Amino acid sequence: MAKLNILRYPDPRLYTVAKAVTQVDARIRQLVDDMLESMYDAEGVGLAATQVDVHERVIVMDTSELRDQPIVLINPELIARSEEMTFGDEGCLSVPAIYDRVHRHARVTARALGRDGELHEFEAEGLLSVCVQHEMDHLIGKVFVEYLSPLKRDRIRTKMLKKARDDERD
Ligand code: NI
């Protein structure tokens, strides 16, 4: 297994639209394992392949308290979304230390291939529902800060660029 480098906003590669996975083979299983290791290491609840500069439709998540219930979504699709919405704080491993509120569907039903290559369908609510929507946005090149006002987004962009410069100097 290997830890992968996570792209930081506003890296333009984060705006890439991911392609469908054609076959869940050894290469994809390795990617999944490396993404899980990277997500746990960074203490995140979700990671999309886009964030590690691989532009294929792969997501890993774990919203469990004990961090022992990995979820793998390959070629995910939302087949139902609740009318009811939630509005809660979100963060992202590509935008460290920034949290802000985003509107999301309270419940979603998703269908995806698992690490086993089999099609699975599941309903999600609460944090898991928000996480599925957040990670699926990454696969279409969308970072959560795109939902914020242009003013807030500019501030975050400036802050992130400054942090990147400071990190480089260290
Ligand atoms: Ni994210």
Side-chain angles (χ1 to χ4, degrees), residues 4 6-21 32 35-36 38-115 119-160:
L4 306 165
I6 297 174
L7 301 177
R8 295 280 176 95
Y9 180 82
D11 191 307
R13 290 170 288 182
L14 288 169
Y15 302 124
T16 312
V17 177
K19 292 192 172 73
V21 169
V32 162
M35 284 173 62
L36 280 168
S38 309
M39 177 189 77
Y40 286 124
D41 182 74
E43 294 177 4
V45 292
L47 186 66
T50 309
Q51 293 176 274
V52 294
D53 202 22
V54 175
H55 302 288
E56 294 177 75
R57 294 182 61 81
V58 178
I59 289 169
V60 297
M61 302 183 297
D62 190 341
T63 57
S64 70
E65 222 162 281
L66 293 175
R67 319 278 294 145
D68 59 355
Q69 285 167 52
I71 297 174
V72 176
L73 303 182
I74 299 168
N75 297 344
E77 274 180 88
L78 289 186
I79 54 177
R81 301 165 176 82
S82 66
E83 266 179 48
E84 190 194 329
M85 304 294 283
T86 60
F87 189 48
D89 262 348
E90 279 181 38
C92 179
L93 292 177
S94 292
V95 199
I98 302 285
Y99 301 89
D100 216 321
R101 296 173 78 175
V102 177
H103 287 279
R104 299 287 186 186
H105 298 281
R107 290 174 303 283
V108 294
T109 306
R111 188 154 57 195
L113 300 174
R115 191 183 180 284
L119 195 60
H120 300 271
E121 195 175 300
F122 67 98
E123 281 175 40
E125 59 179 357
L127 177 59
L128 185 59
S129 171
V130 169
C131 192
V132 170
Q133 293 168 77
H134 175 117
E135 300 311 330
M136 283 184 70
D137 272 351
H138 277 300
L139 299 181
I140 56 166
K142 193 164 182 177
V143 181
F144 85 100
V145 297
E146 308 299 326
Y147 290 104
L148 308 178
S149 70
L151 179 67
K152 272 191 183 172
R153 204 161 57 225
D154 281 351
R155 271 197 210 133
I156 292 169
R157 194 187 180 88
T158 305
K159 205 170 176 175
M160 294 293 299

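Keep in mind it's a predicted model, so treat the numbers as computed, not measured.
Rounded to the nearest 0.5 Å, atoms CD1 (Ile74) and CG (Leu119) are 11.0 Å apart. Atom CG of Asp100 sits about 6.5 Å away from atom CG of Asp89, to the nearest 0.5 Å. Note that the CG atom of Leu139 and the CD1 atom of Ile59 stand 4.0 Å from one another [nearest 0.5 Å].
Residue pairs that meet the salt bridge (charged side-chain N to carboxylate O under 4.0 Å, His left out) test with at least one member in residues 55-67, sequence neighbours left out, are Arg27-Glu56. A ring-ring contact (aromatic ring centres under 6.0 Å, His included) check over residues 123-143, counting only residues at least two apart or in different chains, returns the pairs His134-His138, His134-Phe144.
Between the Arg111 side chain and the Glu77 main chain, no donor and acceptor come within less than 3.5 Å of each other. A donor-acceptor pair under 3.5 Å is absent between the side-chain atoms of Thr16 and the main chain of Thr50, judged by distance alone. Between the side chain of Asn75 and the backbone N or O of Ala20, no donor-acceptor pair lies under 3.5 Å. No donor-acceptor pair under 3.5 Å is formed between the side chain of Ser94 and the backbone N or O of Tyr9. Looking at Ser82, its side chain does come within 3.5 Å of a backbone N or O of Ala106 through a donor-acceptor pair.
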Q | Verdict with reasoning, Val60 to Tyr40, per side chain to side chain contact (heavy atoms under 4.5 Å, CB included) | A | CA-CA 10 Å; Val60 297; Tyr40 286 124; over 6 Å; no
Q | Step-by-step side chain to side chain contact (heavy atoms under 4.5 Å, CB included) determination, Arg101 to Glu90 | A | CA-CA 6 Å; Arg101 296 173 78 175; Glu90 279 181 38; over 6 Å; no
Q.
Go through it in stages, so that I can follow the logic: the residues are Val52 and Ile6, the test is side chain to side chain contact (heavy atoms under 4.5 Å, CB included), and I'd like the CA-CA distance, side-chain angles, deciding distance and then a yes or no.
A. CA-CA 5 Å; Val52 294; Ile6 297 174; 4.2 Å; yes
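For CD of Glu123, the number of neighbouring non-hydrogen atoms (other residues, nucleotides, ligands) closer than 6.0 Å is 12 at most.
Of the options Glu135, Met35, Met39, a side-chain contact (heavy atoms from CB on, under 4.5 Å) to Gln51 is made by Glu135 and by none of the others. When each of Thr86, Val132, Thr63 is tested with Leu127 by the rule side-chain contact (heavy atoms from CB on, under 4.5 Å), just one qualifies, namely Thr63.
Scanning both residues, Cys131 and Met61, for their nearest heavy atoms gives SG-SD, 3.7 Å. Of all the heavy atoms in Ser129 and Ala124, the pair that sits closest is CB-O, 3.5 Å.
Ile71 has its side chain within reach of Leu128: a pair of non-hydrogen atoms, C-beta onward, lies under 4.5 Å apart. Glu146 places a side-chain heavy atom less than 4.5 Å from the side chain of Arg153. Between Leu113 and Val21, every side-chain heavy-atom pair lies at or beyond the 4.5 Å cut-off. The side-chain heavy atoms of Arg81 and Gln133, taken from C-beta on, include no pair separated by under 4.5 Å. Residues Met160 and Pro96 meet the side-chain proximity criterion, which asks for heavy atoms closer than 4.5 Å.
In this structure, Lys142 forms a cation-pi arrangement with Tyr147, its terminal cationic atom sitting closer than 6.0 Å to the ring centre and no more than 45° off the ring axis.
Shown here are the side chain to side chain donor-acceptor pair (under 3.5 Å) partners of Arg107, two or more places apart in sequence or in another chain: Glu84.
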